[in-house]
Student: 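I'd like to ask you about the structure that follows.
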Protein chains: 2
Amino acid sequence: MAERPKTGGEMAREPSETAAAAAAVTATREPVTRERAVRLAVELADAGGIESVSMRKLATELSITPMSLYYHVKSKDDILDGMLDVVYSEMDAPQLGAEWRTAMLERARSTRAVLARHPWAISLDARTSPGPATLGHLDATIGVLRAAGFSMPLVGHAMSLLDSYVQGFAMQETTLPLDASGDIGAATEDIMAQQEMMSNAFPNLAEMAGTLILQPGYAYGNEFEFGLGLILDGIENAHREEVESADAAVTADASAG
Amino acid sequence: MAERPKTGGEMAREPSETAAAAAAVTATREPVTRERAVRLAVELADAGGIESVSMRKLATELSITPMSLYYHVKSKDDILDGMLDVVYSEMDAPQLGAEWRTAMLERARSTRAVLARHPWAISLDARTSPGPATLGHLDATIGVLRAAGFSMPLVGHAMSLLDSYVQGFAMQETTLPLDASGDIGAATEDIMAQQEMMSNAFPNLAEMAGTLILQPGYAYGNEFEFGLGLILDGIENAHREEVESADAAVTADASAG
DNA sequence: CCAATCAACCATACACCGTATGGTTGATCA
DNA sequence: TGATCAACCATACGGTGTATGGTTGATTGG
């Protein structure tokens, strides 16, 4: 229930070079840290999915025993929290002073790209203990929208909408059997085999598969920009309406005074 | 790799009443089925989250041993697939002939409501082996949009956008610490305690928390309708443009011929 | 210089998990 | 009456997270 793990020696204060041997050791095997453990966990997850991150595997990779890991880390959940914050830190945070629409566009694209690189992070996203990178990212986003004149409620609307969409899209994207190029590829034959069965029970699905999804040029990833543009247009409208009604109020005030 | 588990005696063909005792037994303990196991798994997950669904617990609840469960079910993944399809079967499928916009509106609301009732289903959603209920739902949705005159590409755009949003929103919603009434409630004090720390490092976040999220009337769930309406407006625009350009082509054709 | 401290690591053990393998029943039916 | 087979079971293996209670060996204050 302590609010922070007592990670102890967080910075590697060098052991004052007691002996040449000690120096050699410190040089070869870099010290174990929460940060290093988390970084390694991210690598493991990237390579083999989230279920291949275990305390035992992590410990082995760090050349210590499983229980020694608990000196640096509070629990496995602590590691998962750290992993998610690493992912957020890879996203481009909006720059203060940027034009809001391009800032949101780039934020969305960057988020999607990072989540595509670390698909396991999407399921971790439900986790409720944001790290500093996560909070900083949110803070910067709010800042840009506020600077553009958005009211707080509209900021809430816009961020809920954008974040829901991006996160949901990233999730859908991982569900589909995509090859590296982004189109359907290898899974096509499997699907074609089921085509006949589907045509009977699910004619619309079958037609959509045949005439759209399985077509050579189609790549699900391209759907992202359509939705994103549409959403930004809608937010832009809402923002304009908000500004106009405020202007109208001011004008009314002025003519009344 | 068999495409269906050999579920064997799926219907409970009654054992021709060999003895009164046998009849009593059949009456008291209803037969174990894949379907029953899946239903029970759903109940377990509703009560204690997805991690409280284990083969051993399930078996105990069914009054059999863990390994006996494998007679009715191929694997645990098989059960998870079944659970997801149960969830989809609880959603209102769009009625053929319905007006597209209200059909999509209701589909989105129904989906959100069902996912809120079974939060564990959101993480299962990434699973790639849709059951019949899932496929039927998709098929009906495509059908409604096609009937309204949507081109296949626009159907793809619309569904990607709507499904991403709804799923993403459902996910965000489970992340937040909500009480039954839907507003922030119990977690407020915890958050307030961190307020001061936040105000320094994350001023915009702190302001948003103070002036919007922690305000008495605020409930995150209300953000849903804003985004949904905005998205449907955007799709409606795209649809109108598509129809208009088609009309123009026809007119041009007619005047040319 | 020596004793105390303490960061860092370790061994053992427990209670879970999914499932491979290979039985054992008891009713049904040719 | 003997074979079949749906349904269930016992044992075991290799994994998981982590509670408990050591053991080191370098750093320090007295």
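A, B, ... follow the sequence lines: proteins, then strands. Residue 1 opens every chain. It should be emphasised that the depicted structure is a prediction, and the values quoted were computed from it without experimental measurement. Side chains included, hydrogens not; waters and symmetry mates left out as well; all remaining heavy atoms used.
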Student: Is it the case that the side chains of B:Gln167 and A:Tyr165 hold a donor-acceptor pair, with the cut-off being a distance below 3.5 Å and no angle test?
Tutor: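 B:Gln167 and A:Tyr165 do not have a side-chain donor-acceptor pair below 3.5 Å.
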Student: Just to confirm, is there a sub-4.0 Å distance from OP1 or OP2 of C:dC10 to any side-chain nitrogen or oxygen of A:Ser68?
Tutor: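 The answer is yes; a side-chain N or O of A:Ser68 sits under 4.0 Å from OP1 or OP2.
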Student: Report yes or no: is the cationic atom of B:Arg112 (NZ for Lys, CZ for Arg) under 6.0 Å from the centre of the six-membered ring of B:Phe224, at an angle within 45° of the ring normal?
Tutor: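 Satisfied, under 6.0 Å and within 45°.
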Student: Below 4.0 angstrom from OP1 or OP2 of D:dC8, is there any side-chain N or O of B:Tyr71?
Tutor: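 B:Tyr71 to D:dC8 OP1/OP2: no side-chain N or O under 4.0 Å.
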Student: May I ask you to evaluate whether A:His72 reaches the phosphate of C:dC9, defined as a side-chain N or O under 4.0 Å from OP1 or OP2?
Tutor: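 Yes, A:His72 has a side-chain N/O under 4.0 Å of OP1/OP2 on C:dC9.
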Student: Using whole Å, what does the distance between atom P of nucleotide D:dA19 and atom CG of A:Leu69 come to?
Tutor: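 Taking CG of A:Leu69 and P of D:dA19, I get 13 Å after rounding.
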Student: Choosing from D:dC8, C:dT19, D:dG17, which nucleotide comes nearest the side chain of A:Met55?
Tutor: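 Between D:dC8, C:dT19, D:dG17, the one nearest the side chain of A:Met55 would be D:dG17.
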Student: Under 3.5 Å, is there any donor-acceptor pair linking the side chain of A:Arg56 to the base of D:dG17?
Tutor: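 Flag set: donor-acceptor pair detected.
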Student: Of all the nucleotides listed (D:dT16, C:dC10, C:dG18), which has the minimum atom distance to the side chain of B:Tyr70?
Tutor: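 Looking only at heavy atoms from C-beta outward on B:Tyr70, the closest nucleotide is C:dG18.
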Student: To the nearest Å, give me how far apart CG (A:Leu58) and P (D:dG15) are.
Tutor: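 Taking CG of A:Leu58 and P of D:dG15, I get 16 Å after rounding.
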Student: Please examine the side chains of B:Leu228 and B:Glu223, heavy atoms only from C-beta on, and report whether any two atoms are closer than 4.5 Å.
Tutor: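 Side-chain contact under 4.5 Å: no.
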Student: Answer yes or no: does a side-chain N or O of A:Thr65 lie under 4.0 Å from OP1 or OP2 of C:dC9?
Tutor: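 No, because none of the side-chain N or O atoms of A:Thr65 sits under 4.0 Å from OP1 or OP2 of C:dC9.
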Student: Taking NZ from A:Lys76 and P from D:dT18, how many angstroms apart are they, rounded to a whole number?
Tutor: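 Taking NZ of A:Lys76 and P of D:dT18, I get 8 Å after rounding.
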Student: Please give, in whole Å, the distance from D:dA7 P to B:Arg34 CZ?
Tutor: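 Nearest whole value for this atom pair: 15 Å.
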Student: Any side-chain heavy atom of B:Glu51 within less than 4.5 Å of one from B:Trp120?
Tutor: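 They are not in side-chain contact.
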Student: What's the closest nucleotide to the side chain of B:Met67 if the choices are D:dT11, C:dC9, C:dG18?
Tutor: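 It is D:dT11.
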Student: I need the NZ-C1' distance between B:Lys57 and C:dA15, as an integer number of Å.
Tutor: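 In whole Å, C:dA15 C1' lies 12 Å from B:Lys57 NZ.
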